[in-house]
Structures are given as C-alpha cells and as structure tokens.
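Remarks on the structure that follows.
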Amino acid sequence: MTLHDVYLLSPELSLAALGLVVILVDMTFRNKGLLAIVSVVGLAVPIALSLILWSDLGGEPGAQMTGIFGTLAVDKFSLFIKFLVLGVVGLVIMSSVGYVSNIRFFPGEYHGLMLFSASGMMLLAATTDLISIYIALELTSLPLAALAAFQRDSRSTEAGMKFLLLSAMSSAVLLYGMALVYGFTGTTHLDGILERLGQALDPSVPFGSYGLFIGVVMVVAGFGFKISAVPFQMWVPDVYEGAPTPVTAYLSVASKAAGFAVILRVFYVAFGEISLDWSGLFAVLSALSMTVGNLVAIAQRNIKRMLAYSTIAHAGYLLAGVAAIAARVPEGESSIGPSGVLFYLVGYAFTNLAAFFAIIAISNRTGSEMISSFAGMGRRAPLLAIVLAFAMVSLLGIPPTAGFMGKLYVFSAAMKADLAWLVVVGVVNSAVSAYYYLRVVRVMYMTDPEDEERVPVVRVPMVALYLTGLGILALGVFPGPIMNVAEKAAGVLF
C-alpha cells in the first residue's frame with residue numbers, strides 16, 4: 001500500500017481511528033459524557049478529508065482516483081455516500097446521549113462499534129472489486145449485529161442473533177453468486193466484468209448465460225437482504241423491534257444507503273451490458289416490496305415494527321429508481337434514476353431519523369413502544385409531536401416534504417423508463433400507506449392522554465431532532481442544491 005492509497009483511504013482510516021480513540025477515552029475518564037463529544041467532534045476529521053478529496057476531483061464529470069491495485073475508487077459518487085453516512089452517524093450519536101447515560105456497561109464500545117460500522121459503509125461505496133465489496137460488507141454487518149444485541153435483554157439478544165445468523169446466510173449466498181460471476185467472466189473487478197460481458201454475451205439466453213443468470217440472481221438475493229427488500233426482509237421486524245431504538249434508527253438509514261450505493265455501482269458499472277434483464281428483475285422486487293411492506297404495516301401496533309415494514313416499502317420505492325436504467329432519454333443524457341435514488345436516500349435519512357428521534361424521547365417517558373402510548377402527545381409534548389407528525393407526512397409523500405420530492409424523482413425516472421405500471425403500483429401503495437402513517441398523527445392529536453404530565457427532553461438529542469425536522473422541510477422546499485450534487489455524483493456511473 002502506497003502513501004497515495006492511504007490518502008484515498010484517509011476518511012475511512014480516520015473514522016476507524018476515531019472509534020479506537022473513543023474506546024480509549026472510555027477506559028481513561030470517568031465522565032462518560034465525553035464519549036459523545038469526542039465522537040461528534042472527531043467526525044470533523046473524516047468530513048474534512050472527504051472535502052479535500054472532493055476538491056481534488058475538480059469539476060470534470062466522471063473524475064475518479066483509483067488505488068489499492070484498482071480495487072478502490074474515489075469519485076463524487078462514493079464521496080456523496082460518505083458525507084451521508086457521516087451525517088447520519090453524527091446525528092444518531094447525538095440522539096443516543098440519553099440512552100448511553102442509562103446503560104451501565106460498555107458505553108465506549110457502543111460508540112466505537114457504530115463508528116467502525118460507518119467506516120465499513122463508507123468503504124462499501126468506494127470499492128470496485130467483488131472481493132473488497134464482500135470484505136466491506138462484513139465490516140459493516142458484524143458491528144451492527146453486536147449493536148442490535150447491546151441492550152442485553154431477551155428481545156435485544158434475539159435481535160442480535162437473528163441479524164447475525166441471517167446476515168451470515170445472505171453473505172454466503174452473495175459470495176456464491178460472486179463466485180459464479182467470476183467463473184463466467186474470469187475477473188472480480190467491476191470494469192473487467194463489464195468488458196468480458198461485452199465480448200461473450202449470447203442474446204438468446206437470459207443474462208447472456210444461464211450460469212451468469214444464476215450468479216446475478218444470487219447477488220441480488222445477497223444485496224436484497226442488506227436493503228430489506230421482499231422476499232429477503234424476514235429479519236427486519238424482529239431486529240428493528242428488539243434492537244435499541246438509536247441502533248434501529250441507524251440501521252434503517254445508514255445501512256440502506258450503503259446497500260443501495262453498492263447495488264448502483266455493481267449493476268450500473270459491471271452489469272451495464274445486461275441492464276434490460278436486471279432492470280425487469282428489480283422492477284418486480286420493487287413492486288413486491290412496496291406492496292408487502294405497506295399491507296403488513298397496517299396491522300402493526302408497535303411503532304418500531306410499523307416503521308420496520310415501512311422501511312421495506314421504501315426499499316421498494318428506491319428500487320423503482322434502480323430499475324429505471326433502461327430509460328429512453330435523448331442521446332448524451334443519462335437516466336435520472338440513480339440521481340433520484342441518491343436524493344431519495346438523503347430525504348429518507350432526514351425523515352426516518354426524525355421519526356425515530358421523536359420515538360426515542362417519547363418512549364423513554366412512557367416506557368412503551370405501542371402506538372396507543374402516543375395518545376395525547378400533541379398536548380404533552382407539542383414539539384416532539386409536530387416533528388413526528390411531519391416525519392409521518394414525509395414518509396407518506398405529501399408536499400412540501402423531502403419524501404414527496406424523493407418519490408417524484410424516482411417515479412419520474414420510472415415513467416421515462418417505460419415502467420408506468422410500476423409507477424401506478426407505487427402511487428397506489430402510497431395511498432395505502434396513508435392509513436398507518438396518519439394513524440400515528442390521529443392518536444397524538446385526537447386521542448385523550450393517559451396523564452397530562454409533560455414529556456421531559458434531553459438537550460443534545462433535541463438538537464438532532466430539530467436538525468432532521470428542518471432537513472425534511474428544506475429538501476421539500478429547496479430540493480435543487482442536493483439534486484444537483486446527486487446528479488454530479490451519479491454521473492460517474494455512466
């Protein structure tokens with residue numbers, strides 16, 4: 001590894017080093033409040049290094065710096081995901097201040113595991129080789145399994161074990177699919193796979209080869225687990241319900257962003273020659289995920305399980321943008337599907353984090369995660385209720401919210417790709433989701449509370465809550481700046 005490679009890896013290395021520093025601070029100082037301060041302030045280093053790398057790329061479209069024998073690519077696409085992951089982990093750590101103050105064991109390890117997992121997610125967005133992709137996935141998944149079991153009660157332990165075992169199974173399927181792709185193409189590098197496919201495709205066979213067809217399907221199955229798409233979503237409800245709520249918030253947003261980042265890079269770069277084949281496959285998964293997620297969410301009474309099925313549905317909306325690769329656009333232009341997915345990921349991050357941050361504050365007071373326990377929060381915790389209601393409206397996709405703009409972009413891309421049927425499915429599912437999203441709003445504002453005692457709040461988590469709430473509004477009213485950056489980032493994929 002050369003100094004140039006270290007420079008390209010500097011954001012990930014600095015974030016992993018920050019995790020070690022936080023653990024050392026935990027071992028050295030009695031004041032555990034320092035952990036969150038060191039973690040959040042320390043994020044300035046990987047953010048600054050990422051900004052330096054962004055400036056080094058200049059303004060040339062598709063600019064890219066490669067390292068580590070061509071397995072690492074630093075471009076605006078990978079840096080976009082890195083900024084998103086760093087922002088999410090910073091907000092989640094801020095929201096965890098109240099939770100960490102109440103746990104007796106391993107507060108330093110809690111922050112460290114979160115930072116280690118984030119470094120894996122950042123690496124995942126920049127890898128351009130199947131082997132390094134697999135390693136980055138494991139670096140991401142193993143700390144998340146430990147975090148899911150961090151509460152050390154029966155539900156949390158069950159959540160951690162389910163995530164670990166099913167993650168291992170999905171990784172095995174993914175690895176076998178990668179082996180089949182390697183067997184057909186003779187290379188694990190994404191650009192090399194694209195080159196070999198262009199030379200050896202049989203147009204009369206799906207995906208150009210039956211062996212490659214099986215390999216790609218297994219790769220889709222492995223990635224489908226990471227993004228919680230149907231029919232690979234079986235782990236989501238129990239893990240989301242059993243894991244500590246800050247971990248659930250982190251898992252629902254950051255891991256989804258990393259999962260879609262690697263899907264976009266692998267399928268748009270390596271499998272671009274067979275895009276018409278896998279576009280249809282992702283369109284079917286999109287419709288299934290939207291429908292199953294929204295229909296099952298209607299029956300949920302626990303708000304974390306409801307949002308678990310909600311995240312399955314939103315994986316479906318995002319897959320509609322991924323499937324839009326086959327768009328018929330004027331020559332010289334590219335599909336807005338990938339940029340729409342990137343914008344959607346940012347909007348979804350603000351929206352889902354705002355919802356979970358409000359749930360953390362309310363459930364800490366009520367001791368319950370049932371939707372009925374949110375009765376009367378419009379009077380007992382008016383600011384929390386406003387932000388939670390606004391998040392529900394954004395998840396539903398009503399203007400002026402980030403959720404509305406995100407759905408507008410991905411559905412527009414699907415329409416241009418001649419996937420009108422998928423857009424119809426998405427619009428119908430959005431209407432169906434109104435039932436369970438607005439039910440939370442109705443309970444908070446139209447149901448009498450069990451008591452009139454105000455819900456106490458912790459200052460730092462409230463700052464994170466307000467930042468996410470403002471982000472939902474800003475992206476809904478002024479989507480242009482983020483969409484412009486997303487278009488520049490997605491331009492690397494073509």
Side-chain angles (χ1 to χ4, degrees), residues 1-2 4-13 15 49-50 53-54 56-58 60-85 119-141 171 174-175 177-199 212 215-216 218-220 222-223 226-227 257-275 278 322 325 334 338-339 341-342 345 488-494:
M1 180 181 291
T2 65
H4 181 66
D5 294 335
V6 174
Y7 171 62
L8 297 182
L9 270 175
S10 57
E12 290 85 354
L13 293 174
L15 190 60
L49 292 170
S50 299
L53 289 170
W54 183 286
D56 283 351
L57 291 171
E60 181 181 350
Q64 188 178 80
M65 296 183 289
T66 59
I68 312 183
F69 306 103
T71 63
L72 180 75
V74 174
D75 47 38
K76 291 185 177 179
F77 174 78
S78 63
L79 291 172
F80 184 96
I81 298 299
K82 290 177 185 180
F83 288 128
L84 177 57
V85 170
S119 65
M121 295 175 191
M122 292 168 61
L123 185 62
L124 194 59
T127 48
T128 58
D129 184 89
L130 296 181
I131 297 174
S132 56
I133 286 172
Y134 180 78
I135 294 171
L137 272 174
E138 294 307 297
L139 178 58
T140 299
S141 300
S171 295
L174 175 65
L175 192 59
M178 289 178 172
L180 289 174
V181 172
Y182 171 72
F184 179 79
T185 61
T187 180
T188 58
H189 197 277
L190 300 186
D191 289 331
I193 293 172
L194 177 64
E195 182 180 352
R196 300 293 175 85
L197 291 181
Q199 298 170 354
L212 181 63
V216 172
M218 296 184 78
V219 170
V220 170
F223 287 145
K226 309 303 180 184
I227 62 173
F260 273 97
V262 71
I263 285 174
L264 288 173
R265 192 179 289 278
V266 169
F267 283 87
Y268 276 66
V269 174
F271 300 131
E273 292 288 339
I274 53 174
S275 61
W278 60 255
V322 176
I325 178 63
S334 58
S339 55
V341 170
L342 294 179
L345 287 171
K488 293 179 181 178
V492 178
L493 302 175
F494 295 95

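Heads up: numbering here begins at 1 and tracks the sequence.
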Which heavy atom in [X] sits nearest to a heavy atom in [Y], and how many Å separate them?
| X | Y | result |
| --- | --- | --- |
| Ala270 | Ile193 | O-CG2, 3.7 Å |
| Ala489 | Phe77 | O-CB, 3.2 Å |
| His189 | Gly70 | NE2-O, 2.5 Å |
| Leu15 | Ser119 | CD2-N, 3.4 Å |
| Leu53 | Leu79 | C-CD1, 3.9 Å |
| Thr128 | Ala73 | CG2-CB, 3.5 Å |

Taking the side chain as every heavy atom from C-beta outward, state whether [X] and [Y] have any pair of such atoms under 4.5 Å apart.
| X | Y | result |
| --- | --- | --- |
| Val219 | Leu180 | no |
| Ser141 | Lys226 | yes |
| Met121 | Ile81 | no |
| Leu49 | Tyr7 | no |
| Met218 | Met178 | no |

Run the numbers on Phe223 and Ile133 for side chain to side chain contact (heavy atoms under 4.5 Å, CB included), then give the verdict.
CA-CA 11 Å; Phe223 287 145; Ile133 286 172; 4.3 Å; yes
Using ring centroids (six-membered ring only for Trp), state whether Tyr268 and Trp278 fall under 6.0 Å.
yes
To the nearest 0.5 Å, what is the distance between [atom1] on [X] and [atom2] on [Y]?
| X | Y | atom1 | atom2 | value |
| --- | --- | --- | --- | --- |
| Leu194 | Thr185 | CG | OG1 | 10.5 Å |
| Leu124 | Glu138 | CG | CD | 10.5 Å |
| Leu175 | Tyr134 | CG | OH | 5.0 Å |
| Lys82 | Leu123 | NZ | CG | 7.5 Å |
| Phe260 | Leu84 | CZ | CG | 12.5 Å |
| Asp5 | Leu72 | CG | CG | 7.5 Å |

When you look at Leu342 and Phe80, which way does the side chain to side chain contact (heavy atoms under 4.5 Å, CB included) test go after all the steps?
CA-CA 8 Å; Leu342 294 179; Phe80 184 96; 3.7 Å; yes
Mind checking what makes side chain to side chain contact (heavy atoms under 4.5 Å, CB included) contact with Ile135, not counting sequence neighbours?
Ile131
For Thr188 and Leu130, indicate whether the former's side chain and the latter's backbone hold a donor-acceptor pair under 3.5 Å.
no
Donor-acceptor pair, Ser132 side chain versus Asp129 backbone, under 3.5 Å?
yes
Pairs where residues 67-79 contributes a residue and the test side chain to side chain donor-acceptor pair (under 3.5 Å) is met, not counting sequence neighbours:
Gln64-Asp75, Asp75-Ser78, Asp75-Arg265
